[in-house]
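These values consider heavy atoms only, across backbone and side chains, with no hydrogens, waters or symmetry-generated copies. Bear in mind the structure is a predicted one, so any value in this text is a computation, not a measurement.
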Amino acid sequence: MNVLNFINAFFSDNAHWQGYDGIPTRVLEHIQYTLMALGIAAAVGLPIGLLTGHTGRGGNTLALIATAARALPSFGLMVLMFVLLGLGLAPVMIPLVVLAIPPVLVTTYEAMRSVDPAPVDAARGMGMAEAEVLFRVELPVALPLILSGLRSAAIQIVSTATIAAYVSFGGLGRYIVDGLYQRDYEKVVGGATLVAVLALATLGVFWAVGRLTVSRGVRRSG
């Protein structure tokens, strides 16, 4: 059987659409892991990136931290966390968050530094407070690039969250891990296809968010 036959057989099997191991359940689990990890990474990376980008300080430190975090192998970190913390969601979330923080942090910093200084200086000359300059002048202009960092982080999480299955959690990685163990390559290919589709759907979501949140003038100038 070729790959297309595996895909067709997997999705046409009614058993794969029902129960705790059904496609809807596994997709929802995968989305839950993704949203949790992305939310934590955004809560850490966005404020630091906005502040350091606004002040222009700490860029070299951020680059060093991001490089170090990217060098960490997600699977190896998960195994280490599992040994240290035991069975639970934390050993899964920690490597996913570590994976997602660098693109959010660095891209936010670069987005803030790329803002034209002329309107920023004008806003300060008008007596705006630094917080107003940040949120009313710099952030709207930097938003497209900030969203691209969040999008990159989300895609990486979607692709990597399959590791949750290695420590007895769910998500789409369950099909891949169980399929390899059972030598059920139909299930392996089906799981991998679902991950790819979810990654494409994530791109679509961020495109829609960008259309709704970024002003036309900024989109046109970009």
Verify same cluster id: Leu203, Leu147 (apolar side-chain graph, 4.5 Å): no
Pairwise side-chain contact, Arg57 with Thr52, heavy-atom cut-off 4.5 Å (strictly under): no
Minimum heavy-atom distance between Gly179 and Val188, given as atom pair plus value: C-CG2, 3.5 Å
Euclidean distance, Phe169 CZ relative to His30 NE2, rounded to 0.5 Å: 14.5 Å
Hydrophobic cluster membership, Val92 vs Phe75, 4.5 Å side-chain cutoff: yes
Distance (rounded to the nearest 0.5 Å) between Ile157 CD1 and Leu38 CG: 5.0 Å
Distance, nearest 0.5 Å, that separates NE2 of His54 from CD of Glu130: 3.5 Å
Donor-acceptor contact below 3.5 Å, side chain Arg113 vs main chain Gly53: yes
Residue pair Leu105 / Val44, side-chain heavy-atom distance below 4.5 Å: no
Met112 side chain near Leu51 side chain, heavy-atom distance below 4.5 Å: no
Side chain Trp17, main chain Phe11, donor-acceptor under 3.5 Å: yes
Residue pair Ile146, Leu139: steps toward the side chain to side chain contact (heavy atoms under 4.5 Å, CB included) verdict: CA-CA 9 Å; Ile146 292 173; Leu139 183 58; 3.6 Å; yes
4.5 Å side-chain heavy-atom contact, Tyr166 and Phe82: no
Derivation and outcome, side chain to side chain contact (heavy atoms under 4.5 Å, CB included), residues Arg174 and Val177: CA-CA 5 Å; Arg174 192 78 268 157; Val177 172; 3.9 Å; yes
Neighbour count >12 (heavy atoms, 6.0 Å) for atom CZ, Phe135: no
Cluster link Ile163 to Val167, ILVMFWY, side chain under 4.5 Å: yes
Derivation and outcome, side chain to side chain contact (heavy atoms under 4.5 Å, CB included), residues Ile94 and Met78: CA-CA 7 Å; Ile94 289 173; Met78 184 193 68; over 6 Å; no
Single-linkage hydrophobic cluster, 4.5 Å side-chain cutoff, Ile155 and Val104 together: no
Point-to-point distance, once rounded to the nearest 0.5 Å, from CG of Asn2 to CG of Asn8: 10.0 Å
Closest contact, heavy atoms only, Thr108 versus Gly49: CG2-C, 3.6 Å
Atom CZ of Arg124 with >12 non-hydrogen neighbours under 6.0 angstrom: yes
Close side-chain approach of Ile31 and Leu198, heavy atoms under 4.5 Å: yes
Donor-acceptor contact present, side-chain Ser152 to main-chain Gly149, <3.5 Å: no
Validation row, ring centre Tyr185 to ring centre Phe6 under 6.0 Å: no
Working for side chain to side chain contact (heavy atoms under 4.5 Å, CB included), residues Met36 and Leu96: CA-CA 9 Å; Met36 289 177 63; Leu96 293 180; over 6 Å; no
Leu145 side chain reached by Ser148 side chain, heavy atoms, under 4.5 Å: yes
Test of ring centre spacing under 6.0 Å for His16 and Phe10: yes
Tyr33 with Ile40, same ILVMFWY side-chain cluster at under 4.5 Å: no
Atom pair OG1/CG of Thr55 and Leu134 - distance to nearest 0.5 Å: 10.0 Å
Nearest heavy-atom neighbours spanning Ala100 and Ala41: CB-CB, 3.6 Å
Nearest heavy-atom neighbours spanning Pro102 and Ala69: CG-CB, 3.5 Å
Reported OG1-to-CG distance for the pair Thr160 and Leu99, which is rounded to 0.5 angstrom: 4.5 Å
Side chain Gln156, main chain Ala153, donor-acceptor under 3.5 Å: no
Short side-chain donor-acceptor distance under 3.5 Å, Thr25 and Glu29: no
Salt bridge flag under 4.0 Å for residues Arg26 and Asp21: yes
Ile23 backbone acceptor or donor facing Tyr175 side chain under 3.5 Å: yes
